[in-house]
Structures are given as structure tokens and as C-alpha cells.
Protein chains: 2
Amino acid sequence: MASEAAKETANPGSVRPGGRTARVRSAVLRAAGDALAEHGLAGLDLADVARRAEVGRTTVYRRWGNPVALVADLLVEMAEQSLPRTETGTLAGDLRANARLVRRTLADPRQGPLFKAVIAAATCDSRAAAALHRFYETRVDEWAPCARQAVERGELPPGTDAREVIRAVSAPLYYRLLTTAEPLDEAAADRAADAAAAAARAGAFVTTAE
Amino acid sequence: MASEAAKETANPGSVRPGGRTARVRSAVLRAAGDALAEHGLAGLDLADVARRAEVGRTTVYRRWGNPVALVADLLVEMAEQSLPRTETGTLAGDLRANARLVRRTLADPRQGPLFKAVIAAATCDSRAAAALHRFYETRVDEWAPCARQAVERGELPPGTDAREVIRAVSAPLYYRLLTTAEPLDEAAADRAADAAAAAARAGAFVTTAE
DNA sequence: GCCATAACGGTACTCCGGTTCCATTAGTTG
DNA sequence: CAACTAATGGAACCGGAGTACCGTTATGGC
């Protein structure tokens with residue numbers, strides 16, 4: 001009896017997710033990414049996004065409603081498409097590869113501003129924050145195995161928290177991106193990787209018992 | 001001849017910076033801090049700030065104009081008041097003290113959200129970004145001596161970049177704050193300090209020649 | 001291929017964030 | 001302490017962001 005009363009008005013796009021709806025979504029998300037990269041989160045105007053996506057203004061307001069909700073959806077999309085990791089055989093090599101990949105992303109003229117905007121959105125809205133956390137969770141999980149293998153190889157002490165090692169590589173790069181005016185060059189990436197490797201070897205990421 | 005043509009309309013508050021003007025500024029900045037801590041950057045409404053500060057709506061719009069400009073000014077204020085650092089006599093001790101101070105700040109129910117908001121603002125506006133960079137520059141400079149002393153003591157290799165060591169302590173804490181849902185506990189702070197110390201001892205922050 | 005309806009998109013409207021105007025208050029200067 | 005004017009703040013105003021309405025399109029089930 002509750003069949004039509006229960007769902008009320010489930011978000012548009014959830015009942016007929018194929019065809020046009022999917023096309024609209026991807027066009028809007030792409031446009032939103034462009035707009036974010038250009039003007040940042042504060043300059044994100046839904047009407048402008050609709051224009052760029054060649055989609056009705058009404059549609060964007062109905063399906064997303066506000067800028068941060070749109071960013072949250074963009075993050076879900078971004079989390080889905082992860083790029084493969086490279087394996088070099090040594091911890092130092094793997095971490096450098098990771099650091100350089102992160103650096104290249106953050107220094108990219110489109111991706112860099114986009115990541116900044118997405119982080120800003122996460123600080124404003126808990127749904128966006130959850131989406132961002134998920135995004136980084138998948139990214140870290142993708143690379144954690146290289147630290148785990150280093151433990152097996154004997155390069156790192158047993159009990160080392162593999163995910164924490166990977167996070168230690170990214171952290172200085174994000175910190176530099178957000179809090180300094182200095183450029184994110186390859187030297188900074190290598191330094192971040194080397195520092196993480198050194199700290200890991202010294203046992204800084206060994207989880208004590210628990 | 002250019003005496004009155006040159007300045008045009010210098011921002012209100014710059015000609016008579018004393019008395020009431022200063023009082024209004026500090027009331028507005030305090031109110032802005034409260035509002036940011038509560039609703040985040042996206043929820044920052046200038047009219048609301050004016051109400052909290054018991055100041056005319058017009059005044060806030062005239063002197064700051066938009067949310068990010070207000071945040072930028074707030075950052076200038078925050079940069080001025082730096083808290084003194086404690087000295088323990090060893091690198092490990094000093095870095096732990098620093099890490100715990102940073103952690104306490106970021107975990108604070110008012111300061112934490114405020115810092116998030118301020119970082120978000122910096123990603124939206126270059127003036128806010130410049131103010132944020134200045135803020136961290138002064139904070140890092142405040143603590144860099146402890147790494148410099150460690151070099152003199154022989155705890156760290158010569159040529160170590162002291163400021164980079166301090167940044168390495170904060171980086172994982174900010175990274176965790178922004179990209180994960182995990183809490184910022186004291187263990188995380190100590191781990192950050194230990195990792196930075198280990199990396200520094202291993203020479204990860206030695207600036208090669210130049 | 002046909003029907004029911006989810007989802008889109010144009011138009012008209014509303015409401016409030018932001019501005020303008022001007023009278024009032026209070027620093028600052030001589 | 002008097003005159004000058006920067007700065008404030010109330011009130012009226014304006015424009016555009018966001019909403020409501022409804023006809024049109026095309027998806028998904030049969």
C-alpha cells in the first residue's frame with residue numbers, strides 16, 4: 001500500500017538512470033569541473049554550469065540544487081575512475097612514482113584548481129566531505145600494497161601501517177599546495193617520497209599492538 | 001594636483017583607523033570567526049555577521065564586500081597574534097610539542113572549523129590565499145629555530161632546511177583533517193612528529209647545493 | 001512499436017542578497 | 001572646544017539567483 005507514498009520524490013535521475021539522464025549528468029559534471037577549475041568554488045554558478053553543459057537551467061537546480069551538492073556528485077564520479085599504479089620493485093621507487101603522480105595531478109592547470117575547489121567544498125558540507133573521504137580512501141587503498149610488499153621484502157619493519165605510509169607521501173604535497181605560495185616541483189615530490197620512506201624505515205608508522 | 005584624484009575612494013577605515021572604526025573591525029572579525037566556525041565558508045552571510053557584531057549591514061558590505069575578502073582580513077588579524085613556542089631541549093621533544101599544539105588547535109571545536117573555512121577561502125581567492133600563506137610563513141618561522149638548533153647540536157645533518165622540517169610535522173595533521181574522517185588524536189600528532197624527526201635525521205630535508 | 005510517465009526545459013514569478021542614498025555620529029585637526 | 005569630514009547605519013531600492021508551473025521529450029516496460 002505504501003508503494004507510492006514511501007519514496008515520495010526520490011531524487012530525479014534515480015528511477016530512469018539511463019539514456020538522456022546519464023548524458024545530462026555527465027555533461028553537467030564535466031561543465032562543473034571546468035567551471036570549478038576556472039573560477040573556484042566561490043565562483044560556481046549553477047546557471048553558468050547549465051549554460052556550459054547546454055542543459056536546462058531548471059534541470060541543474062532540480063537535480064543538484066546547490067553548488068556543494070554538485071561537487072559532492074562530481075566527487076563520486078571522480079572516485080570511480082582510478083588510475084593504475086606502477087610497480088618498480090623497491091619501496092623508494094614506488095613511493096617516488098606515487099609522489100610524482102600526485103604532484104603532476106596537483107600541478108596540472110585543470111586538475112590542480114579542481115582539487116582545491118573540491119577540498120574547499122568538503123569543508124562546507126558533510127556529504128561532500130564523505131564523498132571526498134571515500135575518494136582518498138580508494139586512492140590510498142590502490143597504492144597501499146606497495147608498502148605492504150616492502151614489509152614482506154624486509155624493507156620496512158613488520159607491523160607498519162601501509163596506508164599511513166602512502167598518506168605520508170601525499171601529505172606534504174597537499175600541505176604545500178594549500179598553505180604556501182611555493183611551486184609544486186618534482187624536487188618537492190621526490191623529497192616527500194624520500195621523507196616518507198625514511199620515516200617508514202625508522203618505524204614511525206608501526207602500529208603498536210592496538 | 002592629484003591629491004584627491006589619486007586615492008579615489010581608499011577603502012573605508014584606512015583614513016581614520018582609530019576609535020570606532022577599529023572597534024567595528026574587531027567586532028566584525030570576531031563575529032565572522034564565530035559564523036565561520038558554525039556554518040563554514042559556504043554558509044557565511046554578511047548580513048548575519050553584521051547582526052552578530054551589532055553593526056550596520058551597510059558597513060560590512062562597504063568595508064569588505066564579499067565573504068572571502070572578510071576572511072582574508074580575518075587572516076591578517078590571525079597572523080598578527082602568534083603564540084609562543086615551548087622549548088624542550090631535544091628535537092623530538094620540540095617537534096612533539098609543536099605537533100600537539102597544532103593538533104589541539106585543529107581539534108578545537110571552534111578553531112578546527114575556522115581553519116577549515118579559512119583554507120577553503122584561500123582556494124577561492126588569491127588575496128585570501130596570500131594572507132593564508134603569510135599566516136603559515138610566520139607560524140613556521142616561529143618554530144624553525146628548534147630544527148636549526150638541532151643541527152647545531154648535531155642531532156640533524158648540516159644543510160637541513162629547518163622550515164621544511166616544521167612543515168613536515170604539520171602536513172600529515174592537515175592532510176588527515178581535510179581528507180579523512182578519522183579523528184585527530186594525540187597519537188596521530190606524536191606519529192607526525194616522530195616521522196618528521198626520523199626523516200630529518202635521515203637527511204630527507206637537506207637542501208642539495210642549490 | 002506503443003503506452004505510461006520520468007525527466008527535461010522554457011517562461012513567468014518571487015524573494016532576498018547586495019547597493020545606493022542620505023541623515024547622523026564621532027574621530028581628528030588646528 | 002569648534003569645525004570639518006570620515007565612517008556608520010537606517011531605509012528604500014534593484015537585479016538576479018533560485019522556484020513553481022506546465023507543456024514537451026524520450027526512456028523503459030510490455
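Comparing B:Val24 and B:Arg57 against DNA chain D, the residue whose closest nucleotide sits nearer the 5' end is B:Val24.
Residue A:Tyr61 places at least one side-chain N or O closer than 4.0 Å to OP1 or OP2 of D:dG18. Taking 4.0 angstrom as the limit, A:Thr21 places none of its side-chain polar atoms (N or O) nearer than this to OP1 or OP2 of C:dA7. An OP1 or OP2 oxygen of D:dA7 is reached within less than 4.0 angstrom by no side-chain nitrogen or oxygen of B:Arg23. Between A:Thr58 and C:dC8, a side-chain N or O to OP1/OP2 separation shorter than 4.0 Å is absent.
In this entry the distance linking CH2 of A:Trp64 with P of D:dG18 reads 15 Å, nearest Å. Atom CD of B:Glu54 is separated from atom C1' of D:dT8 by 15 Å (rounded to the nearest Å). Separating the CG atom of A:Asp48 from the P atom of D:dG18 is a distance of 12 Å, rounded to the nearest angstrom. One can place CZ of A:Arg62 at 11 Å from P of D:dA20, the figure rounded to the nearest angstrom. Between B:Arg63 atom CZ and C:dG18 atom C1' the separation is 18 Å, expressed in whole Å. Regarding A:Arg20, its CZ atom lies at a distance of 11 Å from the P atom of D:dG28, rounded to whole Å. Rounded to a whole Å, the CZ atom of A:Arg51 is 12 Å from the P atom of D:dG16.
B:Ser170 pairs in a side-chain contact (heavy atoms from CB on, under 4.5 Å) with only one of the listed residues (B:Val140, B:Val102, B:Leu101, B:Leu106), which is B:Val102.
B:Leu177 CG to B:Leu173 CG: the interatomic distance, rounded to the nearest 0.5 Å, is 9.0 Å.
With B:Arg110 contributing its side chain and B:Ala37 its backbone, the two residues share no donor-acceptor pair below 3.5 Å. The backbone N or O of B:Ala117 lies less than 3.5 Å from no partner atom in the side chain of A:Thr123, so there is not a single donor-acceptor pair.
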